[in-house]
Structures are given as C-alpha cells and as structure tokens.
Amino acid sequence: MPDVSQSVISTWSRLIFIFLTFALSACASKNSATQQADQQQFQSPQAKPLVVESSKGTEVIQPTVVGYQPKQFDDPLESFNRPVFAFNDFLYTYALIPAAKGYKAIMPDPAEEAVSRFFSNLREPLNAINHLAQGEGNKMGSSILRFLINSTIGILGLFDPAKAWFDIEKHKSTLGDTLRFYGVDYGAFLVMPVLGPTDTRSGFSSIVESFVHPINYVTDDPQTTYFKVYSGFHSFTPRAETYEKLSEKAEDDYLFFRNLYLEGLLRDQQYQDTPNPVPDAAMDKPEQLDEQ
Amino acid sequence: MSSKLVKLNKIILLVFAVMVVVLGYFTQQFRIDASADTLLVKDNKLFIQTQVMNKRFSPQEFILVAYQPTKGELFSQQTFDDIQALSKKFSAMPRVQSVTSMLNVPLLSFMQGLNTDVDADSWTWEKQHYSSAQMQKVFTDHPIYSDLLVNKQQTATAIQIVFKPDPQLKKFEDEKTDIQQTLLNGELSEQQQQRIEQLNQLIDPIKQQLDKQRRKEIDQIYAIAKEVKDHAHVYLGGGHVLAYQLIKIIQSDLMLFGSAIAAVICILLFILFRQLRWVVLPLLCCGVSVIMTVGLFGMLDLRTTVISSNFIALQLILTLAIVIHLIVQFRQSAQANPEHSQYQLVTDTIKAKAKPCFYAALTTSVGFASLIFSNIQPVISFGWMMIVAMLVSTLVALLLFPAVLSLLSKKPQSHVSRRVEATMEALANTVLANKGKVFVAGLLVLMVSVLGILRLNVENSFIHYFSEDTKVRTELEFIDQKFGGTTALDVVFKVPDTQKLQDLVLSAQTVQTLQKLQQVLRQYPVVGKEMSVVNFTELASKINNNKPLTEYELTAVYHMLDKNLTERLLGAYFDKEHHELRINTRIKDATDGFNRAEFIQQLQSDLQQQGVAKQDIQLTNLFVLYQDILQRLFDSQISTLGLVYVALTLVLFAIFRSVKVAMIAVLPNILSTLVILGVMGLAGISLDLMTITIAAIAMGIAVDDTIHFVHHYLSDNQQQDHQKALHKAYQSVGFAMLFTSLIIALGFGMLGFSDFIPSVMFGLLTGLAMVVALVTDLTLLPALLGRFAKNKTA
C-alpha cells in the first residue's frame, strides 16, 4: 500500500507547513485586531453602502456588487503559492478535469446529489462541535438532530428528511469559522497542493478537521483515505468546468483566482451576519475534503 | 380675360374631368406615414444616437398582453391554464420568435445559493409546476420580472410576445446607421448621401409590408385574447399597439366626422342660400380640389405625416371660403343687375373676385412657404403640401366654379336676409364710430394673448389622445399605469477608462455607478419598469443570501453562464465591445400633469450628480426623441411665425402698393394667430404633434378674409368716400366672411364629439380661428382702414 503511506506523509507535511504559516500569520495579525481589519474592509470605497443624492432627496442603498482595494490583497506567500498553483494547474488540466468530466457524465444527477448529501451529513458532528464552541446552542441542536434523523431515516445521509419533513435547516460551521469567531485573522492567501486556493486559517481548519472527521471513527485506513479522496474529488467535480473556463479567460490566472478568493473572503467577513447562511456551491470557496 | 375663360367653359370642364380621372388614379399611391422617423430632421443627432444604440443593443420588437383575472387570485390554476393556452396560440403565429410568460421564465430565486452550473430552463413553472403560493412569493418584488411579467400590485400578469426581426431590414438599417454615424462628427460625402437614398428605397417597401403585417397580427392577438374573456380582462400594450389604435381611430374619425362635417356644411349652405346649386357647387369644388391634390401628392410621393394629416380639412376650409366669396358676389351682382344674363353675371363675378382670390391664394401660399425655412422635415413638407393645395383650390374655384355656373340656367337670387344686413350695418356703424375703443380692445386682447403664449408648453402623451371613457384609453392606461409604463427612455452609460480593470468584465465601481443611476430613475414616479445589468446583479445577490457579489464573482458568473444565455439576458443591456451599459425604462405616459421638458432636465442634472462625467451619459430612445422634436417644432413655430409676418407684409405691400395698407392688413392676421396661441396657453392646452400647426392654420384663414375685405374697400374707395366704401365692404365681403365662418366653425365643431382628442382640439381651435379672424377682420381691420387709409391714393 505505497499510496496510502504517501498520502499520510503528504498530509503530515501539509499539516506542519500550514501550522507554521498559520502561526506566523496569527502573530502578524495580532497587532491589528480583527475588528479594525473589518473596519478597513468596510471602508474600501467599493464595499460601502451607496449614497444617492438627487433632487428627490438622499437615499442609502446596498451595493449589489462589491470590490476591495488591491492593497488588501497582501500576498506574502506568493513565492510559494505560484509554483503550487502551476502544479495544480497541470494536475487539473491533465488529470482531474478529464476525470471529473467522465465522472459527471457517468453519474446521474440524483446520484450525485445523494453523494453530496452523504458527505454533508457525515460532517454534521463537526458542525455541532463548532457551533458549541461559538455558543450557538440552537444551531448545535439542529446539527445533532439532522445527523440523527438523516443517518437513520435518511439512509446514511443519502437523503435529507430532516429538511424535507422536519424543516430543520442545515448550518455548516468549520473550525475556520470558530477561529474567526475568536478573532483569528484569515492570515494569508494560500494555494494548497491539489486542493487549490484557500487561506492559512481555512487551510489549518481543513487539515485539523480531516483528522478529527467522523469518518476516522467509522472506518479504518485505507478505507478512510479512499473516502476522503473520493469526497475531495466529488466536491471538485462541479468546479472542474469553472476552473477550466475561467483560467482560459484570465490574463494571469493566479491573480484572478487569488482575487476571486480573497474578495469573496473579505465580502463574507463584511456580510457575516446575514440571516440563514447556507453554504454556497460557488467556485470562490476552496472545497475542502469534507466540504459537503 | 375672365369673359374669355368663361366662354371656354366646356373645354375647362373637360380638362378638369380628365384631370380628376388621371389624378384620381394616383390617389391610390397616396400614403400616410405615421412612423416616428418622419417627424425628424434628417441629421437629427439624437435620432442617429438612438439608432446607433438600437443597433448596438438590438432590443427586440414586442407586444405585451396583460391578463387580469376578473375574480379570484392571480396565482391560480385558472390563470396558469389560460396563460398556457394563450401562449401556445401566440407562439403559433409565424413572425413570433418567442412568447415569454411567468410560466416559462427561469425562476432562479428557487435555487439555494448562487451556482453557475445551472440549466436555467429547468427552473421554470413548466418544468417544476410550482404551487400558486410559491409563484406568488417568487414574483413578489422580483428584481427582473416585477412589472415586466407580473405587476407590482400582483393583480395582473403579462405575456410578452417577441417578434423576429426582419434580417434584411436590419441589414439595411444597420448600414444606414453606420453611414449616418459619420454625421455625428462631420458631413456626409456625396457617395454616402447616394447610398442612403438607395437604402431608403430598399427599406421603405419592407417597412410598409411590415406595418401591414403588424396590423394583421394585432387583430389576430385581439381575437385570440377574446377566448379567455370569461375569466379575465386582457389588455394589449406596447408601441405598436398604440400606433395601431391611433391609425384605427383616425380612420374611423375620417369616415364618421368627414361625413358629419359634410352634412352640416350642406345643411348650412342650403339654409343660407336656399338653392340646391349653392350646395352642390361648393361640394363639387371641394371634392375636385381634394381628389386632385391627393392625386398630386400620390404622384409626387409627398407623404402626409402626423403634422400634415389635417391638410384635407384645411383645403376644404380654404376652398369653401373662396367659393362662398364668389357665391356672395354673384348673388349681389344678380340683384344689382337683374337684366344681365347668367353668362354675364358669371363674368362680372370673376372680374370682381379673380384678383382678390388670386391675391389671397398668393398670400396664404407665402405664409405656408415660410414653413419651408423651419428646418424640420415634416413641417417643410407640410408647407409644400399646402402650397400645392392652395394652388389647386384657387384653380378650381376660379375656373371650374364659373365654368359650371355659366352652364346653369339663370335663377332669381333672393335678397340676403334683411336682418343680417341690418346687423352688419349696425356693426359697421358701431365700429367706425368707436375706432379708438376698438384699438384699445385690440391692444388688450393682444396683451392677454401674449400672457397666454408665455404659458404655452409642449406635451405629447399619445395615450391622452384618446378620450377618457374609451376602451382603448382604459387598456393603454392600464399597461401604462399598472404595468410599468409605455414610452421607452434609455440611459446609456459609457464606462470611463478609470473604471476598467484587468480581468474584470465589469468592476464593482461600474456596477455601483450604474446602480446609483438606476436608483435615481427609480425615485421618479413617472419612471415605470427599468431594466439593466443591475436587475441581474440584484437577483444574483438575492440568490446569494442577500450578500453582494464580488466583482470577481460577477466576472466568473458572466463567463460561466452559457454564451447564448448571457446574450439573451444581458445583450440588450451591456455592450462589452464598446463598454456601454444601458438602462432601459418605460415612462408612464399617461401621468397627470407630467411636465416632460422639466423631467428631462431634472433627470439629467440628477444623473450627473452621481459622480459621472457629462459625456459618459446619454439619454436616448423614443421619449427623448419625441420631446426633442416637439420642442424643435415649438421653437420653429415661434421663430417661423416672425418670418411669416414679415413675408406676409411684403406680399401685402406688393399687392396693395402701399406700406401703410400692408401694415394695416397684416395686423389683424398677427392678432388672430396670437389669440389662438394665447387661448391655448391660458386654457392650459399643450401644443402637441397634432396642434402644433394651428398658428399657421389660423393665419391661413385670417389672411383670406383680410385680403377680400381690403381689396373690396380699396377698389370702392377709388370712386367713393371712404366711409361708404367701408360700409359696402361690410355688406359684401362681410357677408361672405360671416357665412364662411359660420359654416366652417359649425361644421368643424362636429369634431368636438370625437373620441380622439387631437381631432377635438383641431375642430374647436379651427372654429375658434374662424371666429377670431371674422371678429378682427370686421372690427380691427375696418377701424384701422377708416382711421389710417382714408385718402384715395392709398
């Protein structure tokens, strides 16, 4: 089983690396409190409410599209990120995208959705823990209930009767969210091998979560690894086409994906208190192993 | 010479018969052109800009069919069934490209979160059969469909029938626009001019065919819509429906009121003159004049536009006026010389009247000719048309009338009513005894008129052309007021270079600027539905859990959506190549007390307040075009009016060879035109495309009366004392004027009963012009003549 050990080694090296960068960035951001950072982003001229003054009076409206200043895209890890990005690009172009296309072609849509629901259900305990850590009692409760209902009536989470019959909403929460809750900055933009764009806080979160993921307690290696790889691949498939098309259009695709990621992050930070946050299937988020 | 002409009566009759037949044939080629472009100056920049924008964004031709359930909820199975049935039938029409309704549009708000990997067409009612409650929720304040497919009040839903463009027409028009575009920065070369002429030749028949086709289609749509009349009111809306209704009402008005006016005129002629010949002869002259003129226009391909559409009415008035002057003269000759033969009487009449009639025709023509300098195409052609019409009428009255009359047997002519004679005498005495008072009164009227003129404004609400209680008005007003407005107004925003960012389709700054511009538009209650890229970003942000998109996400979504879909959704609002964004709005045309000029000005200043450079914003499309053309017409009317007065004075001088007489004669004409405009200003009647020529018409009517009166006075003044000459003019010309005014004012007064407001206005204002001309020519003119033109050499 050479590939299993390889995957374990790569996971470990990644973990160490991410931990280091995370620690670094955490130090760096300690001086500037998160609130201040938020304030700054809020002050970005393209992320403020719009003031419309006319002969009819003054109105304040919410922008439908926001942008952030280029200087906020500090990229201290660029010299590391760029080679990894190039490697990913190669990997995606010649392996993952063709594979994803094949996978999508074979899998019927309902089956694909069921698989997504299965993985999503599997991380409900993690959601519950993170909600607990953030003091969100109700959300913790609903995560636990969803896990119980969907794992049983919903046949191992392949279906979602918790939402369909009991109207219990899904509230995803990761370690990254918890860290943010406690004022940890996102750190720096980071391109992870295979997984793609993320930031040091989320990267750290995904690594840690992949170790404490419930799957670890259900199966043994190598099945656990197979599951994780499959889950990662499954969550990549909808993004395959996106990646292909967008990198074709962009002049510097590294910059494009970085800005796409960071603007989304800054936006989410600014608008975190919107009601009913549902995990988005958009392409701006790094899809971690256990994203669904 | 007059006797020679009368001798030739049979030949003249023959010539006229031939001309009527020949020109009658050409009447088939006569065309009414009601399209907007006919109203424009050839090099109107605004028009070219609008054409350029239309080419760039190629908005499609469509008709809205609004469905309002008579009872029960809008979102119900009944509605869904009806909409499905109607849509299916509309789709089957050959020129229909697509039929959009609430049942077949993608309802992306049902998606959970933003997702580019979307097959938009799977999120429709037709595919998913959402419940009524779900549909209601989705359409509540929908950023795109609200007021487009379901009105804000949720009382009605609309089916949008989109028509296929004619590829050939589009090709020709695009080429024409490309050539005309050079006009924005310079002149056209000879070659380009020629090419445009060629293109016009090619475009014209296609357009005519298309117009016919459209009318048929609208009839068909009305017929289909009738099938659901048990459950719902169905209203049609859109520019083409408006045009269809306008043409329909004008046609029915022509039939109904044309005959009513003719009947009233006949009756009045008979009452006044008591002989059948005095009814038949004027009608014959009018008929022959109109047929010949229309035939000539057909032959020369002079098309009537909205502006000149009343030329027939005008020609009738002018012909009648001349003929009545002739009749009165003939009857007076017959009474004075009962021993003369019919033939001799006719010769006498023509001898006495040929000159003034010819002069009147000349002055009226000169008056209308001054319109040629107005620089506005339809006004210019109106000028030409009236010159032709005047010429024809004069020829008919001076040749055909005596020719026919000389062939009739002599009949004793009764004396005109003693009572009328006494009244006329009393009037003459009063006026001549109180010249000073008449002048003061004239001055007062002038001052009040000027006050009124200062309050004159131009407004053009096509919906207000229809009477309030008519079905058409209700229908059009429903779409206008409850379904997002009628007349298109576009705001085109050119993205400045500073807002363009690498890799981004649109920067956040650009979208936000657009959002601000659109918000300004939303602040105006007269602005109905507005659509732009902003509506899509609003929807996207709504789907994205009310979080705004980032500019990179927007770019990603733009690239990820199917190319056809982006073209379909955004093509009409975003031109990537030229970096231009278009906000398309429909203005609520029927809003009460809507001041268009003020609105445009205010809007422009409000838009520029949003941190946008002046040259980066353009207002285009029909709304601005109409307003612009109307304003130009108004300005040109006012400026040509001055020119008309000068030209009139010169012609009057040429005729009467006296500066004094020319000045005296022109005054009543000036007063008449000013009074008409003043009354409009005081009564709050706005000038619009239909009434804008009223000043010219008033002048045409007044000048006739003036010339006859002055001519009569001067020719008598040679032999008699001026007081007597004035009294004689009263008794002779005064009669004719009184009769003409009475007949025409009452005849055209019939139009007051029309459902078509411009007809009503035209009828009443023409009547008023007749009366005002009569009054000024019977009071101010004689008073002036009596005071200032006493000596015989004058």
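In what follows, every heavy atom counts, from backbone to side chain, and hydrogens, waters and symmetry copies are set aside. Here is how names work: the chains are called A, B, and so on, in the same order as the sequence lines, proteins then strands, and each is numbered from 1.
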Query raised in the report: Can you find a side-chain donor-acceptor pair between B/Gln602 and A/Ser55 that sits under 3.5 Å?
Result: yes

Would you say that [X] contacts [Y] through its side chain, given a criterion of any heavy-atom pair below 4.5 Å between the two side chains?
X: A/Lys245; Y: B/Met560; answer: yes
X: A/Tyr271; Y: B/Asn545; answer: no
X: B/Pro548; Y: A/Val65; answer: no

Under 4.5 Å, counting heavy-atom pairs only, tell me which of [options] racks up the most with chain A.
options: B/Lys542, B/Gln609, B/His559; result: B/His559
options: B/Asp503, B/Thr537, B/Leu607; result: B/Asp503
options: B/Lys516, B/Glu538, B/Gln519; result: B/Gln519

Step through the shown structure and confirm whether more than 12 heavy atoms of other residues, nucleotides or ligands are within 6.0 Å of [atom1] on [X].
X: B/Lys529; atom1: NZ; value: yes
X: B/Glu598; atom1: CD; value: no
X: B/Lys500; atom1: NZ; value: yes
X: A/Asp252; atom1: CG; value: yes

Query - From CA spacing to verdict: salt bridge (Lys or Arg N to Asp or Glu O under 4.0 Å), A/Glu59, B/Arg522 - result: CA-CA 11 Å; A/Glu59 266 185 295; B/Arg522 284 177 182 169; over 6 Å; no

Requested in this report: Tell me, for A/Gln62 versus chain B, whether the close heavy atoms (under 4.5 Å) come from the side chain, the backbone, both or neither.
Outcome: backbone

Requested in this report: Could you give me the CA-CA distance, side-chain angles and deciding distance for B/Lys547 and A/Asp268, then say whether salt bridge (Lys or Arg N to Asp or Glu O under 4.0 Å) is met?
Outcome: CA-CA 8 Å; B/Lys547 283 191 287 190; A/Asp268 285 347; 3.1 Å; yes

Query raised in the report: How long is the gap from NZ on A/Lys56 to CG on B/Leu521, to the nearest 0.5 Å?
Result: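 One finds 11.5 Å between NZ of A/Lys56 and CG of B/Leu521.
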
**Report entry** Value rounded to 0.5 Å, distance of CD in B/Gln515 from CD1 in A/Ile61
**Finding:**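 Answer for the CD-CD1 pair, B/Gln515 versus A/Ile61, is 4.5 Å.
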
Requested in this report: With side-chain contact (heavy atoms from CB on, under 4.5 Å) as the test, would you mind laying out the steps for A/Asn259 and B/Glu551 before giving the verdict?
Outcome: CA-CA 9 Å; A/Asn259 293 350; B/Glu551 49 196 350; over 6 Å; no

**Report entry** Evaluation steps, side-chain contact (heavy atoms from CB on, under 4.5 Å), between A/Leu262 and B/Tyr552
**Finding:** CA-CA 10 Å; A/Leu262 284 180; B/Tyr552 282 89; over 6 Å; no

Query - Proximal to chain A - members of residues 504-512 of chain B, heavy-atom separation under 4.5 Å - result: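 Within residues 504-512 of chain B, near chain A: B/Ala508, B/Gln509, B/Val511, B/Gln512.
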
Requested in this report: Dump the intermediate steps for side-chain contact (heavy atoms from CB on, under 4.5 Å) on B/Leu549 and A/Val66, then the final yes or no.
Outcome: CA-CA 6 Å; B/Leu549 264 68; A/Val66 288; over 6 Å; no

Query raised in the report: Is a side-chain donor or acceptor of B/Gln610 paired with a backbone partner of A/Glu53 at a separation under 3.5 angstrom?
Result: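 Yes; at least one donor-acceptor contact below 3.5 Å.
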
